2 protein chains.
Amino acid sequence: MKILPQELLDRIGCFEKGLQRAGVKITHQRQEIFRELAQSPDHPDAEMVCRSVRKRVPTISLDTVYRTLWLLMDLGLISTLGASRASTRFDANTKPHHHFVCSRCSSTLDFSCPEFDHLDIPHGVKALGYPEKTRVEVLGVCLQCKKTRPKAHNSERRE
Amino acid sequence: MKILPQELLDRIGCFEKGLQRAGVKITHQRQEIFRELAQSPDHPDAEMVCRSVRKRVPTISLDTVYRTLWLLMDLGLISTLGASRASTRFDANTKPHHHFVCSRCSSTLDFSCPEFDHLDIPHGVKALGYPEKTRVEVLGVCLQCKKTRPKAHNSERRE
DNA sequence: TCCTAATTAACAATGATTCTCAGGTAGGAG
DNA sequence: CTCCTACCTGAGAATCATTGTTAATTAGGA
């Protein structure tokens with residue numbers, strides 16, 4: 001599942017357009033960091049990105065990598081796997097269940113739905129591994145937030 | 001979405017049975033920690049659990065909470081939201097897509113599947129908030145791990 | 001009741017991520 | 001094309017979540 005050259009160019013185009021639209025400077029470092037992430041078929045962490053970028057920009061600091069990644073995140077140009085940073089959250093519900101995740105406050109609520117426990121897996125997934133079960137995340141706005149901050153913008157990191 | 005008393009008793013039953021089966025001592029602290037988590041309708045982190053338990057057991061230490069939670073995790077009595085701890089991983093793919101997650105090495109691979117982007121949301125979810133989109137995680141064993149460690153056991157925390 | 005291995009609390013240590021600040025640079029104004 | 005300034009970066013210290021170490025404590029079988 002390598003990233004296709006065409007796809008890579010698309011992503012880089014979006015990136016430059018995105019920075020410009022936001023009135024943010026297009027620096028050498030930002031370009032290299034984004035390119036590195038955009039061409040990774042897996043999902044590296046900040047340290048891995050930093051290590052790779054250092055091959056070409058030996059003085060880049062891990063700090064800059066973090067700052068850049070969170071900036072791109074705020075601009076909606078990249079995302080994180082799972083809830084970004086914050087401390088690990090625990091769940092005593094061992095029955096199969098699914099989550100409603102609020103995109104504003106990122107609170108997470110359980111619900112059950114037997115149909116979601118074993119969805120029909122598309123054919124292409126066989127190339128990745130042996131599926132055992134499925135889990136669904138419904139993203140939306142929770143009742144609380146709908147009332148409290150009807151138009152909150154993104155960048156709802158931390159907590 | 002409060003936890004029902006019956007459900008709580010079930011969970012506590014599982015907990016005690018689980019510890020006994022594993023030959024692990026049932027201490028006051030472990031009981032209080034589990035009870036606290038089991039009766040939370042949301043998904044607290046270790047610190048929140050610790051704070052709540054301290055109301056009843058003022059000397060409990062945060063480390064004990066962590067150790068207990070990971071122990072219960074290894075015994076399969078609780079789970080974590082998203083990949084437990086480890087560093088944040090980034091994703092430059094902004095198109096809607098889904099993830100295949102390996103339950104052994106927790107590597108995560110992207111795939112797309114338009115049907116999964118907007119699943120039919122069950123009725124009960126309306127009580128939680130306003131859904132916008134859906135995302136599916138397929139859990140299974142990746143090709144790599146199937147070859148390398150055909151029978152790996154759970155507790156595959158860290159990285 | 002006694003004994004011992006399992007468990008705990010306190011505190012030090014680690015690893016990820018963020019802050020502070022002084023120097024550097026993109027890119028619009030002239 | 002050069003200058004200027006606000007935005008960026010690198011370095012190192014600081015912070016926060018989580019884990020390791022150790023001596024004292026306790027569950028629960030003998």
Side-chain angles (χ1 to χ4, degrees), chain A residues 15-34 36-37 43-51 53-54 56-75 78 80-90 106 155 157-159, chain B residues 15-34 36 43-51 53-54 56-75 78 80-90 106 155-159:
Chain A
F15 160 75
E16 309 223 310
K17 221 171 302 166
L19 291 198
Q20 253 150 15
R21 194 180 324 119
V24 158
K25 289 182 181 169
I26 299 184
T27 64
H28 185 46
Q29 290 91 330
R30 286 175 178 165
Q31 291 183 93
E32 293 291 354
I33 290 168
F34 181 79
E36 190 56 46
L37 184 62
H43 302 287
D45 63 18
E47 178 120 15
M48 298 180 215
V49 171
C50 187
R51 238 193 326 269
V53 170
R54 274 203 174 128
R56 274 162 293 130
V57 187
T59 65
I60 194 117
S61 73
L62 179 56
D63 205 50
T64 298
V65 173
Y66 272 108
R67 273 188 298 235
T68 301
L69 291 172
W70 295 127
L71 171 69
L72 298 178
M73 173 95 179
D74 286 350
L75 298 179
I78 64 174
T80 56
L81 291 200
S84 50
R85 129 213 36 200
S87 42
T88 309
R89 296 166 149 251
F90 297 87
S106 69
S155 78
R157 285 153 42 195
R158 50 184 68 249
E159 222 302 309
Chain B
F15 160 75
E16 309 223 310
K17 221 171 303 166
L19 291 198
Q20 253 149 14
R21 194 180 324 120
V24 158
K25 287 180 182 171
I26 298 183
T27 65
H28 185 46
Q29 289 92 330
R30 286 176 178 165
Q31 290 182 93
E32 292 292 353
I33 290 168
F34 181 80
E36 191 55 45
H43 302 288
D45 63 19
E47 178 120 16
M48 297 180 213
V49 171
C50 187
R51 237 192 328 269
V53 170
R54 274 206 174 123
R56 275 163 291 130
V57 187
T59 64
I60 193 116
S61 73
L62 180 58
D63 331 343
T64 297
V65 174
Y66 271 108
R67 272 189 296 246
T68 301
L69 291 172
W70 294 128
L71 170 70
L72 297 179
M73 173 95 180
D74 285 350
L75 297 180
I78 64 174
T80 57
L81 291 199
S84 51
R85 128 208 42 194
S87 43
T88 310
R89 298 170 146 247
F90 297 87
S106 71
S155 80
E156 206 49 53
R157 286 155 42 195
R158 48 183 69 249
E159 224 299 310

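Reminder, nothing fancy here: chain letters follow the sequence lines and each chain counts from 1. In this text, all values refer to a predicted model and were calculated from it rather than measured experimentally.
If you measure from atom CZ of B:Arg51 to atom P of D:dC16, you get 13 Å, rounded to the nearest angstrom. One atom, CG of A:Leu75, and another, P of D:dC8, lie 10 Å apart when rounded to the nearest Å. Atoms CD1 (B:Ile60) and C1' (D:dT26) sit 14 Å apart, rounded to a whole Å. Distance, A:Lys25 NZ to C:dT25 P: 12 Å, rounded to whole Å. Separating the CD atom of B:Glu16 from the C1' atom of D:dG28 is a distance of 15 Å, rounded to the nearest angstrom. Rounded to whole Å, the distance from CD on B:Glu47 to C1' on D:dT15 is 13 Å. Taking atom CH2 of B:Trp70 as the reference point, atom C1' of D:dA17 lies 11 Å away to the nearest angstrom. Distance, A:Leu19 CG to D:dC8 P: 9 Å, rounded to whole Å.
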Distance-only donor-acceptor pairs under 3.5 Å for side chains of residues 22-30 of chain A, two or more places apart:
unit_1: A:Thr27; atom_1: OG1; unit_2: A:Arg30; atom_2: N; d: 3.2
unit_1: A:Arg30; atom_1: NH1; unit_2: A:Lys25; atom_2: O; d: 2.8

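Between B:Phe90 and A:Trp70, the ring planes are perpendicular. Angles over 60° get that label, and only those under 30° would be called parallel.
The base of C:dA16 is not paired with the side chain of A:Asp45 by any donor and acceptor separated by under 3.5 Å. One donor-acceptor pair, N or O on each side, does fall under 3.5 Å between the base of D:dG10 and the side chain of A:Arg67.
The backbone N or O of B:His43 sits less than 3.5 Å from a side-chain atom of A:Arg89, completing a donor-acceptor pair.
Closest to the side chain of B:Val24, from the set D:dG10, C:dT7, C:dA10, is C:dT7. Comparing C:dA9, D:dT9, D:dG10 by their closest approach to the side chain of A:Thr59 singles out D:dG10.
Taking only side-chain nitrogens and oxygens, A:Thr64 never comes nearer than 4.0 Å to OP1 or OP2 of D:dT9.
Base contact: B:Leu62 has a heavy atom under 4.0 Å from a base atom.
DNA chain D lies under 4.0 Å from at least one heavy atom of each of the following residues of residues 27-34 of chain A: A:Thr27, A:Gln29, A:Arg30.
Residues B:Met48 and B:Glu36 fail the side-chain proximity criterion, which asks for heavy atoms closer than 4.5 Å. Proximity of A:Ile33 to A:Ile60: side-chain heavy atoms (C-beta onward) are separated by under 4.5 Å at one or more points.
Across all their heavy atoms, B:Ser87 and A:Asp45 have their closest contact at OG-OD2, 2.6 Å.
Toward the 5' end of DNA chain C, the nearer of the two residues B:Asp63 and B:Gly23, judged by each one's closest nucleotide, is B:Gly23.
Screening A:Leu69, A:Val53, A:Leu72 for a side-chain contact (heavy atoms from CB on, under 4.5 Å) involving A:Phe34 leaves a single residue, A:Leu72.
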